[in-house]
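What follows is a single structure, written as structure tokens, with notes after it.
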There are 2 protein chains.
Amino acid sequence: MITLEDLAVQAGVSHSTVSRALADSPLVNPQTKERIQNLARESGYQVNQVARNLKSRTTKTIGLVVPEVSNPFYPELIQQVADHARLAGYSLQLHLSAADQESESACIASLSGNRADGILLVTGERGLVARNQVNSVAAAGTPVVIMGWVQDAEHLDLVAGDDAVGGRELAHHLSDLGHTRIAVLGKAPHRGALDRMVGFTGALTERGTPLLPEMVIEVASEEGVRTGVTDLLKLPEPPTAIFAYQDSLAAVVYRQLEKEGLSIPDDMTVVGFDNLDLATYLSPQLTTVGTHISPLTSAFVSLLVARIQGTYPDPAPQSIIVTPKLIVRSSSAPPRSQLNLTDSIS
Amino acid sequence: MITLEDLAVQAGVSHSTVSRALADSPLVNPQTKERIQNLARESGYQVNQVARNLKSRTTKTIGLVVPEVSNPFYPELIQQVADHARLAGYSLQLHLSAADQESESACIASLSGNRADGILLVTGERGLVARNQVNSVAAAGTPVVIMGWVQDAEHLDLVAGDDAVGGRELAHHLSDLGHTRIAVLGKAPHRGALDRMVGFTGALTERGTPLLPEMVIEVASEEGVRTGVTDLLKLPEPPTAIFAYQDSLAAVVYRQLEKEGLSIPDDMTVVGFDNLDLATYLSPQLTTVGTHISPLTSAFVSLLVARIQGTYPDPAPQSIIVTPKLIVRSSSAPPRSQLNLTDSIS
DNA sequence: ATCAGCTTTGCACACGATTGCAGAAATACT
DNA sequence: AGTATTTCTGCAATCGTGTGCAAAGCTGAT
């Protein structure tokens, strides 16, 4: 690899002059400057960022920690974060926290070691695992912004969706359609007051049709979803609607219902959560809830960048909460009995 | 950020001793070593990788350049590459080449500037755009391995799938089912002798049922797919099977057919290419062609790592070609006329 | 010719780590 | 006690850039 010094001897000047010439400094003679710049171009000189970073004590790099990448939600997010970061003049260092078992802590340690100027941390289902790490790098002066809900986040910058509102809207939608026997395939609430389950169950209770215990199925795997669905169908009074905790689970529900010979939405209403691209690929297209992801990522990145540059007006930790919206597509309809009723009226 | 020197003054020794102690060198007194290590742990010392990289003239980092991330093929690839890289002791620097218009060249320049130890470059539909960049960084001593087909690749290391074989198998499958009026939604061949279109059309011609010109539709956008499908259906003799160039296009074909009131595979056979997870989410599940991605990524990473470490036995450029396989699911069936015939026989 | 003022260049240090080498301290041996 | 040997520690150079400061070169005015 060719260095400043190499160019310097070729041009018959000192490396300082070369450095200044390439930085287009007014301190060097225009002719020399031109000569050096040409030389650099011809020889394919590539500045050594490692050395520059060491000297400047900054890397113009932000770390992005994401749990995984098989759930299509994350790629969309990565793409947008990458775009925003690039626009702000930062490049991205991606780490997958669920991949290695050391998880988040290892990712953050690595980023901190590489002296990333700031860290964007997207939490997975387990919430903020590496709380201590986060505190210590934040204390050491590296700004960290979290995306996703975490407990006791008073002293952290974070961006999150208010999933409870989304769950509530979904519940109202189903209730409005006339569903009363509603099943849930999901996971235990893990986002406190902002959890989608909390909103969903709360709203149903308010409507006077609380969730029945046998209708709530916790699923961990794809297999769990399949058996969950068949179990539901075997109930003496099976549900007329299923709320899948994530769009990706809804996709599995679709397959299983098809296998059981039921059609959506005639025999069963299915709704999801997240509004992935996937939701529109499914047939029928999935009724779901989601935020426009772009304002979310935009807030995410710009808050971090402002923190890095010290330009954010308010030094206190910020909580930016985004409210998702209901998106009605073709997978939800009135329950069959209701449908028949309507039919006979018309 | 706390440095070696800081620890040194706290411990009352020189920074050299601290460095050696943390490296667990036998050259330092066991007690001092212990004391220093404890000190480092308590004070949360994080070695400055930037400085270390400068000194060691190596970064233990490999750059991964991927066109985009909205096609689910790439996230799967990223995940696996990340895993393999981590196992080999390297961390990953991800760049999206279609995101910024400067494209590949800029990504490679950036990686080269950051002194990545090696570069993995996944080409998109446009092939190898940054050929010159690749040559120059390779000449400068940074190994580059390419994934995907590129023209005139004799002097490059690359890993590619032999899509022609896949296209051929797909053609045989359709032909065996009895289809003769077959349509193609795709893009112009861009992978030379390894292109899926080449294999597909070639095999059909061999079978004596060459593709009809009006059945070949080049599509650029999602909108193009939709109009393409409706146009096909308006033909005096519409096709009985559609080959979508990518699984993600097949998903759009599904939607459009549904809108047109046709059912798959009864009224129309649809096949794709890539074998994304998406293919199994669709209903009916999509017949497609794909490689198991994991041997591919494994070869990809281990070739690069071997190049970096100089342990690859053969110094000559390698071309590793992987053959994909046909995966028959529920979206392909004999054409309707044929079906009726069969019915009446049985 | 002298000196002030401006332009241009190079010296030398810094960033934070690693490491060869020399020398100090401790121990072993005669 | 004196020397040889081992063990341990610190000095200083290095990686490649950036930059304050001093000084050299040049111009022009007196």
Side-chain angles (χ1 to χ4, degrees), chain A residues 1-37 39-40 43-61 109-117 140-142, chain B residues 1-37 39-40 43-61 109-117 140-142:
Chain A
M1 276 286 169
I2 171 167
T3 72
L4 277 189
E5 189 61 38
D6 297 336
L7 291 181
V9 302
Q10 272 198 55
V13 295
S14 77
H15 74 272
S16 321
T17 304
V18 179
S19 172
R20 280 190 269 255
L22 297 184
D24 205 26
S25 154
L27 285 182
V28 358
N29 183 305
Q31 287 117 45
T32 340
K33 192 191 288 186
E34 176 100 15
R35 190 162 48 94
I36 296 179
Q37 287 174 347
L39 187 61
S43 60
Y45 169 75
Q46 259 288 345
V47 63
N48 187 333
Q49 284 291 350
V50 179
R52 177 178 281 180
N53 291 344
L54 175 60
K55 176 65 186 175
S56 67
R57 297 149 76 57
T58 185
T59 56
K60 280 291 176 184
T61 289
S110 165
L111 287 171
S112 160
N114 286 328
R115 296 298 188 268
D117 289 344
T142 305
Chain B
M1 276 287 169
I2 172 167
T3 73
L4 277 190
E5 188 60 38
D6 298 336
L7 291 181
V9 303
Q10 272 198 56
V13 295
S14 78
H15 71 275
S16 324
T17 303
V18 178
S19 172
R20 281 191 269 256
L22 296 184
D24 205 27
S25 156
L27 285 181
V28 356
N29 185 304
Q31 287 115 45
T32 343
K33 192 192 286 187
E34 175 100 16
R35 189 161 49 94
I36 295 179
Q37 287 174 345
L39 188 60
S43 60
Y45 169 76
Q46 259 290 344
V47 62
N48 186 334
Q49 285 291 350
V50 179
R52 176 179 282 178
N53 291 344
L54 176 60
K55 173 66 186 171
S56 68
R57 296 150 75 61
T58 187
T59 56
K60 280 292 175 182
T61 289
S110 165
L111 287 171
S112 161
N114 286 329
R115 295 300 186 267
D117 289 343
T142 306

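To find a chain, count down the sequence lines: A is the first, B the second, and so on, and within it residues start at 1.
Contact annotation: S19(B) side-chain N/O to dT18(C) OP1/OP2 distance is under 4.0 Å. Taking 4.0 angstrom as the limit, R57(A) places none of its side-chain polar atoms (N or O) nearer than this to OP1 or OP2 of dA14(C). Between T3(A) and dG16(D), a side-chain N or O to OP1/OP2 separation shorter than 4.0 Å is absent. Listed pair Y45(A) / dG16(D) fails the phosphate criterion, with no side-chain N or O lying under 4.0 Å from OP1 or OP2.
Taking every heavy atom of both residues into account, A116(B) and T59(B) meet most closely at CA-OG1, 3.7 Å. When every heavy atom of K60(A) is checked against every heavy atom of D117(A), the shortest pair comes out as N-OD2, 2.7 Å. S14(B) and A8(B) get closest at one heavy-atom pair: C-CB, 3.6 Å.
I2(B) places its CD1 atom 14 Å from the C1' atom of dA17(C), with the value rounded to the nearest Å. K55(A) places its NZ atom 14 Å from the C1' atom of dC15(D), with the value rounded to the nearest Å. Residue I36(A) contributes atom CD1, which lies 12 Å from atom C1' of dG10(C) at whole-angstrom precision. Straight-line distance from the CE atom of M1(B) to the C1' atom of dA14(C): 19 Å, rounded to whole Å. The interatomic distance linking D24(A) (CG) with dT19(D) (C1') rounds to 16 Å, in whole Å. If you take CG of L54(A) and C1' of dC15(D), they are 9 Å apart, rounded to a whole angstrom. Rounded to whole Å, the distance from CD on Q31(A) to C1' on dC26(D) is 14 Å. In this structure, L22(B) places its CG atom 16 Å from P of dG16(C), rounding to the nearest Å.
Along DNA chain D, the nucleotide closest to S56(B) and the one closest to N29(B) are compared, and the more 5′ of them pairs with N29(B). Residue-to-nucleotide proximity on DNA chain D shows that, of P26(B) and N48(A), the 5′-proximal contact is made by P26(B). Checking E5(B) against G12(A), the closest nucleotide of DNA chain C that is more toward the 5' end is the one next to G12(A).
Nucleic acid contact for T32(B): sugar-phosphate only, since backbone atoms but no base atoms lie under 4.0 Å from a heavy atom of the residue. Among the protein residues, V50(A) comes within range of no part of the nucleic acid, since none of its heavy atoms lies under 4.0 Å from any strand.
Between the side chain of H15(B) and the base of dT9(D) there is no donor-acceptor pair of N/O atoms closer than 3.5 Å. For dT19(D), the base has a donor-acceptor partner in the side chain of S16(A) [N/O atoms by modelled type, under 3.5 angstrom]. Checked by distance alone, R20(A) brings a side-chain donor or acceptor within 3.5 Å of a matching partner on the base of dG10(C).
Between L22(A) atom CG and L4(A) atom CG the span is 6.5 Å, to the nearest 0.5 Å. Expressed to the nearest 0.5 Å, how far CZ of R115(B) lies from CD of Q46(A) amounts to 6.5 Å.
At a threshold of 4.5 Å between non-hydrogen side-chain atoms, the residues M1(B) and T3(B) do not count as touching.
Here dT17(D) is the nucleotide among dA17(C), dT17(D), dT9(C) with the atom lying nearest to any side-chain atom of A51(A).
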